[in-house]
Amino acid sequence: MGPIWCSVEVDGCWDEERVALLQLQPLLSLKGFNWTEEKGSDCCECEWVECNITTRRLTQLSLNNELRSLDLSYNGLVGCVENEGFGKLSKLRHLENLDLSYNELNDSTLSSLSKISTLKSLNLGGNVLFTGPNQTKAHLKWLSKLGSLETLDLSETKMKNSLLLHLGGLSSLTTLNLEGNNLEGRIHLQDNGRQLSLLNLEKIDLKDNLFDNSILAELSGFSNLKSLDIRWNKLNGSVDAKEFCGLSNLEILHLGGNEVNQILTSEELHLLSNVENLFLDSTPLDISFLQSIGILTSLKILSSSYCDLNDAIPAHQELNLNGNALSGAIPSCLGNLTSLRYLDISNNRFTGNIASSPLTNLTMLQFISLSKNQFQLPVSFNSFANHSHLKVLLADENKLVAEPIGFQIWWPKFQLMIFSLFNCTIEEHGTLRLPNFLYFQRDLRFVDLSLCNFGEIRFPHWLLQNNTRLEKLILKDSSVAGSLTLSPHPNFKLSVLDISNNKILHEIPRNFCSLFPHLEYLFMSQNALTSNIPLCLGGLRRLGMLDLSHNNLFGEIPEELGMSLYLFNLRLSNNSLSGKIFPKFYHLFNSLSALYLDGNKLEGNILDFSPISFKILEELDVSDNHFYGKLPRWLWNYTELEILDFSKNHFEGPIPTGLCNLVNLEFLDLSLNHLSGTIPSCFNLQKVMHVHLAKNRLSGTLSNALFINSSSVTLDLSENNLTGRIPDWISRLPALSVFLLKANQLDGEFPVHLCRLQSLSILDLSQNKLSGHIPSCLSNLTLKPRSEKSYDVSIDFGLPLLDELMVDMGLTTYDLIGDLETEKNYPFIFQEEEVEFSTKGARYTYKGIILELLSAIDLSCNQLTGIIPPGLGNLSEIRGLNLSHNNLTGPIPSTFSKLKQIESLDLSYNNLNGRIPPQLTEVTTLESSFKGNPLLCGPPLNKSCHEGDSPGTPSASSSEKEHGFLDMGDFYISFAVSFAIIFLAAIIVLYINPYWRRACF
C-alpha cells in the first residue's frame, strides 16, 4: 500500500495551521517532524507536507504507514466490498485507535478489520450493524481475532444479546460500551455457565437499555470491574447489596434514571465499601438510605439530583444534590464538612442569608453552585472571603442583598475562573452594584452578569484588562450605558462577547477588532449604536456569529464583511442600512447558514446568479426593505432552506413552481408584495408549518393550491383576489390552527368540512361572499391554546463551562458526574411568527404567548343567513367572535352568556331580534356590538323591551316614541288629523286669493 494522501482545505500555513500540525505529533511516528513551535517556522519545509508553490497554502499530507490514530466518524461511510476497502487498513502497521462511529456501516463490511492486529481501541457506535432480514445470521466472530483490543464501543448498533458471545476471545478488553441497544434479559456473557474470558474488564456501560434487577447477578462474576453504568434501564424497587458481592473492586456505580426506591440496608452496604463515586440521579429514592450511607467509607462523590429528597443532607467530600425538593435553611451539620471540595445544591428551594449559613465554614471548596434557590446573597459576596481555594461560583437566579452604608471594600483570598450571576434581583429599595471582589480578580475565564439591572454602569473594560485569559464575557441586559470605552490592551483569548440589550451609545470603537482579534461570537444587538459597520469586522478570521440588529447603524454593508471565512450566522436586522447588496454580496449566500437583513432600507433588483454551493443556507430573511423585481430563480436551488421571508418588499410576477423544491422549508412569508398569478401546487412540502401569502394580487381558485401535509399550522392567504369555493383539502390538515382568508372573493356556502379541523383556533373568513347558514358543527371546535402557533427560530447558544477547567483544577473525577450541566444555554430568537387579526374594531398583530392563547372566529362581511347556532355559546375558550354585517336572523342565543373568556364580540348589522340576553352585559357593554339590528332591544342599546313582550317581539315605550319609534295606531290617527288640517288650509287659501285660484284651476 502506498502513502495515504489527505486533502486539507486551508488558507496557508497560518499560525493556527502550524499549531494544528504540531498537535498531530502524538498520533504519528514520523521522520522529518523537526520544525519548532517558534512563530514563523515554515511547515511547508517538512518532507511529508506539500504546499502550493505560488500561494504557499498547505494542500496535502503524506502520512505513509505510520498513522497510529484514525478518526473517520460522521462521514456517511456506507461500507465497501468484503475483504477489500477496510482490509487495506491492515497496511497501517502502527494503527491502534480506529473510530468509525456514526456512519452507515454493517457487520459484513467490517469483517476485514480482523486483519488489523495492532488495534487497541475500536469505536463502531452509531452504526446500525444488525438490521434487515438477515440480522439473525449477522455475527461478530471477526472481533474475537482482535486479541490486543482494549476498548470496544458498540453503542446504538441495534445488536442482540446473543451476539455478545463472540466477545469471549477479547482477553485484553478493559472497556465495553453497549449503550442504547434496547438489550433486555441476560447479556450472555456466560457460555453454558462458564464465565467468558473477559477477566480484565474494568468498565462496562449498559445505560439506555431494558435490563431489570436480574442483570446485577450476572455481572457479579467480573471481579475486576471498577465502573458500572446501568442508568436509564428497568431496575425497580429495592436493590440487594448481595448482588454486588463479587464486585469488590467497584469504584464507580451509576444507577440513576431507574425506579429504584431503596438502596440496600446498613448491614449490607459494607459490600460497596470501595465505591468512590455513586450516582443516583432521577430515582425515587427513599430518604432512609441517607441515614446509613456513612458506612461507605471510600465515598467521595454522591450525586442524587432530581430525587425528590426533602430531608436531611448526608455528609460527604463531594456532594451533588442538584434539582431536589430540599427547602428551608441549609442544615448546620453541613458546616462540619470542612474537607468538602465540590458542592452543588442548585435547583432547590433553600432559603436564608448565605452570610449566616454554614457555607462560610467550607473553606476548602473549589466549586459551589447556589443557583435557582431562594437565597439572600450579600452583593459583596464577602461570605466567601476565606475560601482561598474557590475557583467556580455559580449564583444564578437568587436575590441579592445590598450592603449597609459605609461597608468597607474587602480583598478576596480566592481567584475565580468562573463567576455567574445570571438573572439576579435586588431586595426592595436596594441598589444593585457590581460585586466589588471582581476588581481584584486576575484569572477569570468566564463571567456572566446578564439580566441584572446594575443601574446604568459603564462597560467594565477593567475586567478584560485585569483578566487576560478571559474567554467569555456575557453582559446581556445588564444596564450597561454610555459609549463603549475599551482598554488599550488587546485580549487574545476572548472568543465570546455579548453586550446586547443595553444602552450603549455612539459608534463601535475603531480599534475594536485589534483588541479582540480572536472573537468567534459577537452580540451587540438592541443598543443605540449610531455609525457605519466597521470594515475590520470582516477581518476577524474566526468570527462565526455576528448580531448587530436593532441599532441605528447606517450606510452600506461593507464588502469586507462578506469575506469572513468562518462566518455562518449574520444578523443586521432593524437598522437603517441602505444601498444595493446584489450582485455585490452574492458570495454571502455561499458561506452563510443564516442571513437576516430585514427591517432596513436596502434596495435593488435581486438578479439571477449561479451560487457555488446550494447546501449551506438554511435561514434567509430580507423582509421589510425596498427590493423589487421578480423572485430570483436561484432561490429555489437552496434545498436546505428552512426559513424564507421576502415579505414587505415590492416583488412582482408569479410564484415560481420552483418553490416546491424547498423540501426542508418550515416557514414561508411572501406577504405584502405585488405577486400575481395562481398559487403553485406543492405536494412535497411536507415540513412547512407556516405559510404567509397575504396582501398580494394572487388570483384563481384554491382547488389546486395544495399545501397538504401533517405539519401545517398557519395558512394566511388574506387580501388577495382568490375566487371560488373553499376546497375540501383544507380539512385534511390535522395540525392547522390559524386559517386566514380575509378579503378575497370566495363564494359558495359556508364550508362545513372546516368543522373537522380539531386543531383550529383562529379562523378569519371575513369580507368574502360566503352564503348559507353557519353550521352548528362549529361548536365542536375546541379552540385550545397551542404552542405551535408561536413558532420561533432560535439558537440555543451553549457555552461550555467545566470541561477544561476541571482538568486545570485537578478535578478530573468531575467528568463522571451524572447529570451535571457543563453548559449554559443562551437562546437567541431570530424569527418569530406573527398573525394579524381584527378584534375590538381594530387590526392587531399577535405573537408569542399572546398568539398561543388567542382563539377567535371572524365571519363578518359575508352573506350568511339563518339563526346563530346556540352551540356557539359552548366555545368556552373563544376570545373573539365577529358575525357582523351579514343577514342573520332570530334572537341572540342565551348560551352566549357562557362565553366567559370572550374579550371582543360583534353581532352588529344583521337582522337579529328580541331581547339581548342580560348576561351579555358582563361580556360587553359596547352598544356598537349590537347596533344595526333594528329589532333588538335591551341594554346596552338605548332601547328597552316591554316585560310582556316575547324576546323576538320588541315593543316601544314612551321614551322610544320620543326617538321616533311610534305605535302604529297613534301613527294612523296622527296621519288623518294632519291630512284634514292641510286640506282645509288649502281650501281657505284658494278662497281668499283669487290669483292662486285662477292659476290652479
What is the minimum heavy-atom distance between [X] and [Y], and which atoms define it?
X: Leu390; Y: Ile368; answer: CD1-CG2, 3.9 Å
X: Asn123; Y: Gly125; answer: OD1-N, 2.9 Å
X: Phe211; Y: Asn233; answer: N-OD1, 3.0 Å
X: Ser148; Y: Ser117; answer: OG-O, 3.5 Å
X: Asn97; Y: Ser121; answer: OD1-CB, 3.3 Å
X: Leu494; Y: Phe516; answer: CD2-CD2, 3.6 Å

Practice task
Evaluate the criterion side-chain contact (heavy atoms from CB on, under 4.5 Å) for residue pair Leu470 and Val447; output intermediate values, then yes/no.
Solution key: CA-CA 8 Å; Leu470 186 63; Val447 175; 3.9 Å; yes
Problem - Test log, rule side-chain contact (heavy atoms from CB on, under 4.5 Å), inputs Arg542 and Leu540 - result: CA-CA 6 Å; Arg542 299 182 181 180; Leu540 295 176; over 6 Å; no
Using only atom types and a distance under 3.5 Å, with no angle test, would you say the side chain of [X] pairs donor to acceptor with the backbone of [Y]?
X: Asp448; Y: Ser420; answer: no
X: Asn181; Y: Lys158; answer: yes
X: Asn209; Y: Leu183; answer: yes
X: Asp212; Y: Lys234; answer: no
X: Asn664; Y: Thr639; answer: yes
X: His518; Y: Phe492; answer: yes
X: Asn258; Y: Val260; answer: no
X: Asn467; Y: Leu444; answer: yes
X: Ser172; Y: Leu149; answer: no
X: Thr118; Y: Glu96; answer: no

Within the 4.5 Å heavy-atom criterion, are [X] and [Y] side-chain neighbours or not?
X: Tyr342; Y: Val392; result: no
X: Ile204; Y: Leu206; result: yes
X: Ile418; Y: Leu394; result: yes
X: Ile230; Y: Ile215; result: yes
X: Leu152; Y: Leu170; result: yes
X: Leu365; Y: Leu340; result: yes
X: Leu201; Y: Asn224; result: no

Fill in the blank from the handout: Applying salt bridge (charged side-chain N to carboxylate O under 4.0 Å, His left out) to Glu179 and not counting sequence neighbours gives Lys207
Could you measure the distance from the [atom1] atom of [X] to the [atom2] atom of [Y]? Nearest 0.5 Å is fine.
X: Glu156; Y: Asp208; atom1: CD; atom2: CG; result: 8.0 Å
X: Phe568; Y: Glu618; atom1: CZ; atom2: CD; result: 10.5 Å
X: Leu154; Y: Leu176; atom1: CG; atom2: CG; result: 6.5 Å
X: Leu178; Y: Asp205; atom1: CG; atom2: CG; result: 8.0 Å
X: Ser593; Y: Asn569; atom1: OG; atom2: CG; result: 5.5 Å
X: Gln366; Y: His389; atom1: CD; atom2: NE2; result: 7.5 Å

Handout entry: For Lys226, all residues meeting side chain to side chain contact (heavy atoms under 4.5 Å, CB included), sequence neighbours excluded
Key = Glu202, Glu251
Problem - Pair Arg445-Asp443, salt bridge (charged side-chain N to carboxylate O under 4.0 Å, His left out): steps then yes or no - result: CA-CA 6 Å; Arg445 317 292 176 83; Asp443 198 29; 3.2 Å; yes
Problem - Positive for side chain to side chain contact (heavy atoms under 4.5 Å, CB included) with Asp153, one of Leu122, Thr175, Asn177 - result: Asn177
Exercise for the section: May I have the step-by-step check of side-chain contact (heavy atoms from CB on, under 4.5 Å) for Leu70 and Leu95, ending in yes or no? Expected result: CA-CA 8 Å; Leu70 179 60; Leu95 189 63; 3.9 Å; yes
